[in-house]
Amino acid sequence: VYMSKQVHCELDIDAATHFLGDAGDLSEMLGNLIENAYKYCTRDVQVSARWRSGQLEIIVEDDGPGIRPEDFVTLLQRGRRADETVDGQGIGLAVVNDTAGLYDGSLEVAESPMGGARLTLRLGRAGTQAPGSAKK
């Protein structure tokens with residue numbers, strides 16, 4: 001969808017990290033988070049995933065305009081949007097948040113060191129390390 005934008009996406013995925021859940025759920029959550037990052041970035045997106053404190057932690061960040069903290073609660077409601085100037089239906093982050101709850105997880109927003117939004121998805125019942133990996 002954003003091929004003409006020529007986004008540079010950097011992945012930092014710990015090889016010892018695995019998702020133990022429904023593949024469709026993971027695809028839905030990552031699809032929404034990464035699509036939003038591509039939509040709002042200027043040029044750069046970074047995706048990282050690792051096992052941290054007993055949870056699978058996935059961070060998606062971009063160099064776009066970011067999300068004002070006061071807008072985040074609104075964005076978690078289905079059909080609500082903070083930016084009406086771009087296409088969208090306003091359900092993506094609500095779906096991510098609802099699905100994260102099924103895995104004893106959460107979705108948080110902060111400012112990225114890249115300048116845009118930093119969305120952190122934590123999944124408590126879905127992450128594990130590969131057998132024999134040292135916990136961090």
Side-chain angles (χ1 to χ4, degrees):
V1 172
Y2 299 101
M3 196 171 201
S4 65
K5 200 170 183 180
Q6 297 185 358
V7 173
H8 173 258
C9 183
E10 185 175 320
L11 302 176
D12 178 18
I13 312 298
D14 186 333
T17 303
H18 300 276
F19 177 75
L20 299 178
D22 182 79
D25 288 345
L26 182 62
S27 179
E28 183 78 25
M29 290 185 289
L30 290 179
N32 281 308
L33 293 176
I34 294 170
E35 181 179 353
N36 278 350
Y38 270 63
K39 181 188 299 186
Y40 290 105
C41 77
T42 301
R43 182 180 180 276
D44 295 313
V45 170
Q46 185 172 10
V47 179
S48 61
R50 59 194 26 85
W51 176 256
R52 181 162 296 160
S53 302
Q55 297 181 314
L56 174 59
E57 180 182 81
I58 300 169
I59 299 172
V60 179
E61 49 194 324
D62 65 68
D63 65 347
I67 301 171
R68 298 181 322 179
E70 59 270 22
D71 288 338
F72 191 64
V73 172
T74 300
L75 294 174
L76 295 181
Q77 299 170 23
R78 290 180 186 267
R80 300 292 304 270
R81 300 177 57 208
D83 184 355
E84 299 288 338
T85 64
V86 295
D87 289 336
Q89 298 172 352
I91 61 170
L93 293 181
V95 167
V96 173
N97 190 56
D98 290 349
T99 306
L102 298 174
Y103 291 93
D104 296 330
S106 64
L107 179 63
E108 300 167 8
V109 66
E111 184 178 335
S112 168
M114 297 170 64
R118 176 185 177 115
L119 293 165
T120 302
L121 175 64
R122 291 189 177 90
L123 304 171
R125 291 189 306 108
T128 188
Q129 289 188 302
S133 297
K135 290 188 178 182
K136 294 181 181 179

Are the side chain of [X] and the backbone N or O of [Y] linked by a donor-acceptor pair below 3.5 Å?
X   : Y   : value
D63 : T42 : yes
K39 : I34 : no
N97 : L93 : no
T99 : V95 : yes

Positive for side chain to side chain contact (heavy atoms under 4.5 Å, CB included) with Y38, one of D62, V7, V60 =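 Considering D62, V7, V60, a side chain to side chain contact (heavy atoms under 4.5 Å, CB included) with Y38 is found only for V7.
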key: Sole residue of D98, L123, L107 in side chain to side chain contact (heavy atoms under 4.5 Å, CB included) with M29   =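 The single option meeting the side chain to side chain contact (heavy atoms under 4.5 Å, CB included) with M29 is L123.
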ask   = For the residue pair S112 and A117, what are the closest heavy atoms and their distance?
value =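 That would be CB-O, 3.5 Å.
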ask   = Shortest non-hydrogen contact from L121 to A100?
value =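 That would be CD1-CB, 3.6 Å.
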message = With side chain to side chain contact (heavy atoms under 4.5 Å, CB included) as the criterion, how do C9 and V47 come out once you've worked through the C-alpha distance, each side chain's angles and the decisive distance to 0.1 Å?
response = CA-CA 8 Å; C9 183; V47 179; 4.3 Å; yes
ask   = For the atom pair CZ (R122) and CG (L56), what is the distance rounded to the nearest 0.5 Å?
value =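 Rounded to the nearest 0.5 Å, the CZ-CG separation comes to 11.0 Å.
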inquiry  = Nearest 0.5 angstrom please: E61 CD to M114 CE, how far?
reply    =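 Atom-to-atom, E61:CD and M114:CE are 6.0 Å apart.
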Are [Y] and [X] linked, directly or through intermediate hydrophobic residues, by side-chain heavy-atom contacts shorter than 4.5 Å (ILVMFWY only)?
X   : Y    : result
I59 : L11  : no
F19 : L30  : yes
I58 : L102 : yes

message = Using side chain to side chain contact (heavy atoms under 4.5 Å, CB included), reason through E111 and R118 one step at a time and then give a plain yes or no.
response = CA-CA 5 Å; E111 184 178 335; R118 176 185 177 115; over 6 Å; no
Side chains of [X] and [Y]: does their closest heavy-atom pair fall under 4.5 Å?
X   : Y    : answer
D22 : Y103 : yes
E57 : T120 : yes
C41 : K5   : yes

